[in-house]
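A quick write-up on the structure given underneath.
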Amino acid sequence: MSIRLYNTLTREKEEFKTHEEGKVSLYVCGPTVYDNAHIGHAMSSMVFDIIRRYLNYREYEVRHVMNYTDVDDKIIQRSLYEGVDPIELAERYINQYDQHIKDLNILPATVYPRVTTEMPNIITMISGLIEKDYAYEAGGDVYFRVLQDEDYGKLSRRKLEDMQSGDRIDIDERKESPMDFALWKSAKEGEPSWESPWGLGRPGWHIECSAMSLQHLGEQIDIHGGGNDLIFPHHENEIAQSESFSGKPFSTYWLHNGMVQLSGEKMSKSIGNLVTIGDFLEENDADVLRMMVLNTGYRSPLIYNSTVVEQSTKALERLKNGLRPAFETSAGADSGQLKSLEEQVSKTKEKFLAIMDDDFNSAGALGQLFDLVRMINQARDAGATADELSSGQNLLRELTGVFGLSLEKSATGQAEATPFIDLLIEVRKGLRVEKQWALSDLVRDQLKELGVLLEDNKDGTSWRWE
RNA sequence: GGCGACGUGGCCAAGAUGGAUAAGGCAGUGGUCUGCAAAACCUCGAUCACCGGUUCGAGUCCGGUCGUCGCCUCCA
């Protein structure tokens with residue numbers, strides 16, 4: 001059994017083969033840090049986090065690089081507007097994104113390179129491209145010579161002629177061809193700049209990823225990922241640069257996640273229809289967003305609205321409920337019931353792997369988890385003991401862990417309330433014995449107002465934080 | 001205009017190497033349990049945008065129509 005993944009380059013699912021046995025080099029394009037990140041960024045980071053966790057689970061060692069673009073037109077623009085130093089501005093948003101990564105329970109990348117710390121590598125690569133005739137200097141700028149690259153357009157499946165007939169490409173006198181793109185931009189007054197063989201300036205957007213990938217993962221990598229809005233021109237240009245430079249195929253697999261859609265449109269800064277990660281986490285648990293991501297194929301658009309958030313919250317709750325303990329009074333379930341559970345356990349694991357192996361079909365795999373939950377709940381209802389539930393619940397913990405779900409109870413910092421809640425439940429128990437329903441319901445209702453949910457079971461009353 | 005993706009029950013969504021009862025979640029129905037509530041369990045619902053074709057057989061392949069979305073300018 002092997003993993004198959006959809007490769008944008010070939011538009012087909014292919015068997016996953018790494019350059020080095022058991023090791024994966026993964027490069028994911030990170031954000032340009034000039035503003036608050038939104039849940040579209042979160043989705044992308046989460047998608048590749050899930051892929052990475054799964055690869056780990058399948059015993060691959062993953063070297064994961066995610067860059068921060070901290071030199072860019074937008075950053076400069078924003079810094080002028082705010083009157084702060086652009087590098088500091090970028091630093092601020094990098095720190096914020098780092099925090100988001102923690103909050104979203106995303107495994108940290110192996111390396112987080114930035115443009116500002118990779119300047120020598122970028123300049124070396126540009127020089128190399130000039131030497132090989134794939135690039136040329138023009139008045140302090142350096143451009144990539146697209147016509148020199150025979151298979152330019154292979155990722156996005158575009159032909160140069162088609163693009164040139166379009167009216168959206170800017171005509172620049174200094175370029176040999178309008179499709180040529182900047183590797184190095186000469187400095188303008190007041191912009192951050194670095195010394196280079198072509199004078200003061202800064203790198204173009206695409207070259208950084210090629211240079212960082214080369215520096216941290218080598219000439220040939222296994223997987224290159226990012227949002228599908230990066231296919232053209234960003235990734236197309238990366239391929240052009242990297243392959244022209246090394247003369248070898250750059251990334252074997254190109255994976256692209258779909259866009260988050262808000263009211264039928266892609267969530268983006270330019271449209272202004274965005275929900276920031278901060279906004280989201282103020283209202284919801286990180287697991288809720290992860291459930292939304294898991295429930296949709298990573299390549300498909302992720303529909304975002306309050307209904308979907310609510311649905312995911314409930315679904316998550318159901319998953320958590322599967323981990324609830326056995327009833328204390330349980331004496332054991334009958335053998336038929338236990339056999340069904342055991343069968344479900346082995347079936348779940350097997351299917352989970354097979355489904356995830358097929359292009360990381362998390363939505364399909366999630367369905368298996370819910371089947372397992374139902375069987376666990378059935379067994380619990382049938383009187384299974386904690387021990388009898390353990391294999392199912394352990395597997396559930398294991399596989400939700402592969403998904404990166406924490407399923408944590410959000411009881412943080414409220415532990416001191418526990419004795420009081422227990423006391424109230426004890427008092428209410430007395431009321432219930434006395435059949436003082438109005439009062440006992442009042443206790444329950446008031447506690448609910450405070451975020452404490454009481455549930456009366458055969459065993460007595462259990463409670464949890466909402 | 002060019003390139004690409006998609007259109008599955010009320011909502012989200014798997015399935016597309018053609019063939020088993022078209023997963024799963026949410027909401028809803030009717031039950032079980034319960035003083036009630038909650039949770040849980042059981043029960044009920046779609047022929048897969050439309051049209052035509054290939055085939056013994058198509059949600060799954062081909063062609064067309066309509067619709068939605070993305071990229072072609074910064075974008076996860």
Side-chain angles (χ1 to χ4, degrees), chain A residues 4 8 11 13 28-32 34 37-48 66 69 72-74 77 153 156-159 161-170 205 225-234 236 256-261 264-271 291-292 294-297 299-305 307-319 321-322 324 351 355 358 361-371 373-374 376-382 432 435-438 440-441 444-445 448 453-458 461-462 464:
Chain A
R4 291 166 58 78
T8 307
R11 312 285 159 121
K13 280 187 199 171
V28 180
C29 289
T32 300
Y34 69 98
H38 56 75
I39 53 176
H41 298 104
M43 177 199 182
S44 188
S45 289
M46 255 182 194
V47 160
F48 288 101
M66 190 191 90
T69 300
D72 165 89
D73 291 351
K74 294 229 164 168
Q77 224 173 56
S156 57
R157 310 242 163 155
R158 284 158 210 247
K159 296 191 182 87
E161 310 85 74
D162 294 341
M163 289 188 274
Q164 282 167 340
S165 64
D167 55 355
R168 291 196 182 205
I169 43 177
D170 55 325
W205 175 36
N228 67 15
D229 55 346
L230 296 181
I231 295 172
F232 189 89
H234 187 54
E236 194 69 74
H256 293 98
N257 63 274
M259 298 289 103
V260 172
Q261 276 189 21
E265 274 182 318
K266 169 188 171 185
M267 182 174 291
S268 82
K269 282 167 188 160
S270 47
I271 302 175
M291 281 298 280
M292 293 194 285
L294 288 166
N295 189 43
T296 309
R299 289 189 277 134
S300 307
L302 177 61
I303 295 177
Y304 184 90
N305 57 49
T307 309
V308 172
V309 172
E310 197 180 315
Q311 289 176 356
S312 294
T313 307
K314 292 282 181 56
L316 178 65
E317 199 56 42
R318 182 169 171 76
L319 228 40
N321 284 342
R324 287 196 187 188
K351 284 199 165 185
I355 293 170
D358 185 8
N361 179 2
S362 57
L366 191 58
Q368 295 303 312
L369 261 40
F370 281 110
D371 285 343
V373 166
R374 182 179 304 105
I376 290 170
N377 289 338
Q378 268 178 15
R380 186 192 299 100
D381 277 1
R432 293 184 70 215
K435 297 198 191 298
Q436 302 231 29
W437 307 126
S440 73
D441 288 353
R444 187 173 60 198
D445 293 346
K448 185 168 187 227
L453 300 179
L454 297 196
E455 291 176 6
D456 299 322
N457 295 311
K458 304 168 192 169
T461 302
S462 64
R464 60 195 166 92

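Just so it is clear, the values below take in all heavy atoms, side chains as well, and ignore hydrogens, waters and symmetry mates. A, B, ... follow the sequence lines: proteins, then strands. Residue 1 opens every chain.
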Paired nucleotide for B:rU68 [Watson-Crick or G-U wobble; both distances under 3.5 Å]:
B:rA5
With both distances under 3.5 Å as the test, what is the Watson-Crick or G-U wobble partner of B:rC74?
none
Over all strands shown, is A:T313 touching base, sugar-phosphate only, or nothing at heavy-atom distances under 4.0 angstrom?
nothing
Whole-Å C1' distance, B:rU43 and B:rC48
24 Å
With a 4.0 Å limit, can you tell me whether A:K266 has a side-chain N or O closer than that to the phosphate oxygens OP1/OP2 of B:rA76?
no
Rounded distance in Å between the C1' positions of B:rC12 and B:rU55:
34 Å
For the side chain of A:D381 and the base of B:rC33, is some donor closer than 3.5 Å to an acceptor across the two?
no
Rounded C1' spacing from B:rC51 to B:rC11 in Å
28 Å
Identify whether any heavy atom of A:K314 sits under 4.0 Å from a base atom; if not, whether one sits that close to sugar-phosphate; answer base, sugar-phosphate or nothing.
sugar-phosphate
For A:L369, report the nucleic acid contact type (base, sugar-phosphate, nothing); a contact means any heavy atom under 4.0 Å.
nothing
Give A:L453 one of three labels, base, sugar-phosphate or nothing, depending on what nucleic acid heavy atoms sit under 4.0 Å from its own.
nothing
Check this one for me: any side-chain N or O of A:Q378 less than 4.0 Å away from OP1 or OP2 of B:rC42?
yes
With a 4.5 Å limit on heavy-atom distance, are the side chains of A:F48 and A:N257 in contact?
yes
Quick one: list whatever passes salt bridge (Lys or Arg N to Asp or Glu O under 4.0 Å) with A:D358, sequence neighbours left out.
A:K13
Residue pair A:N457/A:G297 against RNA chain B: nearer the 5' end by closest nucleotide is A:G297
Expressed as a whole number of angstroms, how long is the span from A:Y304:OH to B:rC12:C1'?
14 Å
Mind calculating the distance between CG (A:L319) and P (B:rC12) to the nearest angstrom?
21 Å
Could you pick out which residue, A:Q261 or A:R432, lies toward the 5' side of RNA chain B when each is mapped onto its nearest nucleotide?
A:R432
Reckon A:G30 touches a base, only the sugar-phosphate, or nothing at all at heavy-atom distances under 4.0 Å?
sugar-phosphate
So, using side chain to side chain donor-acceptor pair (under 3.5 Å) as the criterion, who are the partners of A:T313 when residues are at least two apart?
none
Does A:R444 have any salt bridge (Lys or Arg N to Asp or Glu O under 4.0 Å) partners at least two apart in sequence or in another chain, and if so, which?
A:D441, A:D456
Which value, in whole Å, describes the distance between the C1' atoms of nucleotides B:rA46 and B:rG9?
4 Å
Whom does B:rU54 pair with, Watson-Crick or G-U wobble, provided both distances fall under 3.5 Å?
none
Could you tell me which nucleotide pairs with B:rA46 by Watson-Crick or G-U wobble geometry, both distances under 3.5 Å, or answer none if nothing does?
none
Span that lies between the C1' atom of B:rA16 and that of B:rU60, in whole angstrom
4 Å
Once you apply a heavy-atom cut-off of 4.0 Å, does A:V47 come out as touching a base, just sugar-phosphate, or nothing?
nothing
Given atom CE of A:M46 and atom P of B:rA76, what is their separation to the nearest angstrom?
17 Å
Pairing partner of B:rU17 (Watson-Crick or G-U wobble, both distances under 3.5 Å)
none
Atom NE2 of A:H234 and atom P of B:rG70 are separated, to the nearest Å, by 21 Å
Only pairs with both distances under 3.5 Å count, Watson-Crick or wobble alike; so what is the partner of B:rA40 in this structure?
B:rU32
Ignoring the backbone of A:P31, work out which of B:rG35, B:rA38, B:rA76 is nearest its side chain.
B:rA76
A:M292 and A:L302, any side-chain heavy atoms less than 4.5 Å apart:
yes
In whole angstrom, give me the gap between the C1' atoms of B:rU54 and B:rG64.
15 Å
For atom C1', what is the distance between B:rA22 and B:rU47, given to the nearest Å?
8 Å
Rounding to an integer number of angstrom, what distance separates B:rC6 and B:rA49 when you compare their C1' atoms?
11 Å
Is A:N321 close enough to B:rA40 that one of its side-chain N or O atoms is under 4.0 Å from OP1 or OP2 there?
yes
Between the side chain of A:S440 and the main-chain N/O of A:W437, is any donor-acceptor distance below 3.5 Å?
yes
Residues forming a salt bridge (Lys or Arg N to Asp or Glu O under 4.0 Å) with A:R4, sequence neighbours excluded
none
side-chain hydrogen bond (donor to acceptor under 3.5 Å, both in side chains) between A:N377 and A:R380, worked out
CA-CA 5 Å; A:N377 289 338; A:R380 186 192 299 100; 2.6 Å; yes
Protein-nucleic acid N or O pairs under 3.5 Å, nucleotides 5-10 of chain B:
none

Value in whole Å for how far the P atom of B:rG2 lies from CZ of A:R158
13 Å
Students often get this wrong, so: under 4.0 angstrom with heavy atoms, is A:H38 touching a base, only sugar-phosphate, or nothing?
base
Got a sec, which residues hit side chain to side chain donor-acceptor pair (under 3.5 Å) with A:N305, two or more places apart in sequence or on another chain?
none
Verdict with supporting geometry, A:V373 and A:L319, side chain to side chain contact (heavy atoms under 4.5 Å, CB included)
CA-CA 7 Å; A:V373 166; A:L319 228 40; 3.9 Å; yes
Between A:D358 (CG) and B:rG15 (C1'), how many Å, whole number?
10 Å
What contact category does A:G226 fall into here, base, sugar-phosphate, or nothing, at under 4.0 angstrom with non-hydrogen atoms?
sugar-phosphate
Closest nucleotide among B:rA76, B:rA13, B:rG35 to the A:T296 side chain:
B:rA13
Sugar-phosphate, base or nothing in reach of A:N257, heavy atoms under 4.0 Å
base
Contacts of A:D229 meeting side chain to side chain donor-acceptor pair (under 3.5 Å) (sequence neighbours excluded), chain-then-number -> A:K266
So does A:R464 pair up with A:E317, basic N to acidic O under 4.0 Å?
yes
Remember a base hit wins even if backbone is also touched, and classify A:M292 as base, sugar-phosphate or nothing at under 4.0 Å, heavy atoms.
nothing
Sugar-phosphate, base or nothing in reach of A:L230, heavy atoms under 4.0 Å:
sugar-phosphate
Row check, A:F370 ring normal vs A:R318 NZ/CZ: under 6.0 Å, within 45°
no
For a quick check of understanding: with a heavy-atom distance under 4.0 Å over all strands, which category does A:D441 fall into, base, sugar-phosphate or nothing?
base
Among B:rG70, B:rA76, B:rC72, the one nearest any side-chain atom of A:V260 is B:rA76
Please enumerate all residues that pass salt bridge (Lys or Arg N to Asp or Glu O under 4.0 Å) together with A:E265, with sequence neighbours excluded.
none
Base of B:rG4 paired with side chain of A:N228 (donor-acceptor, under 3.5 Å):
no
As a test of reading the structure: which of B:rC11, B:rA76, B:rC72 is closest to the side chain of A:T307, going by heavy atoms?
B:rC11
Got a list of protein N/O to nucleotides 21-24 of chain B N/O distances below 3.5 Å?
| unit_1 | atom_1 | unit_2 | atom_2 | d |
| --- | --- | --- | --- | --- |
| B:rA23 | N1 | A:A363 | O | 3.4 |
| B:rG24 | N2 | A:N295 | OD1 | 3.2 |

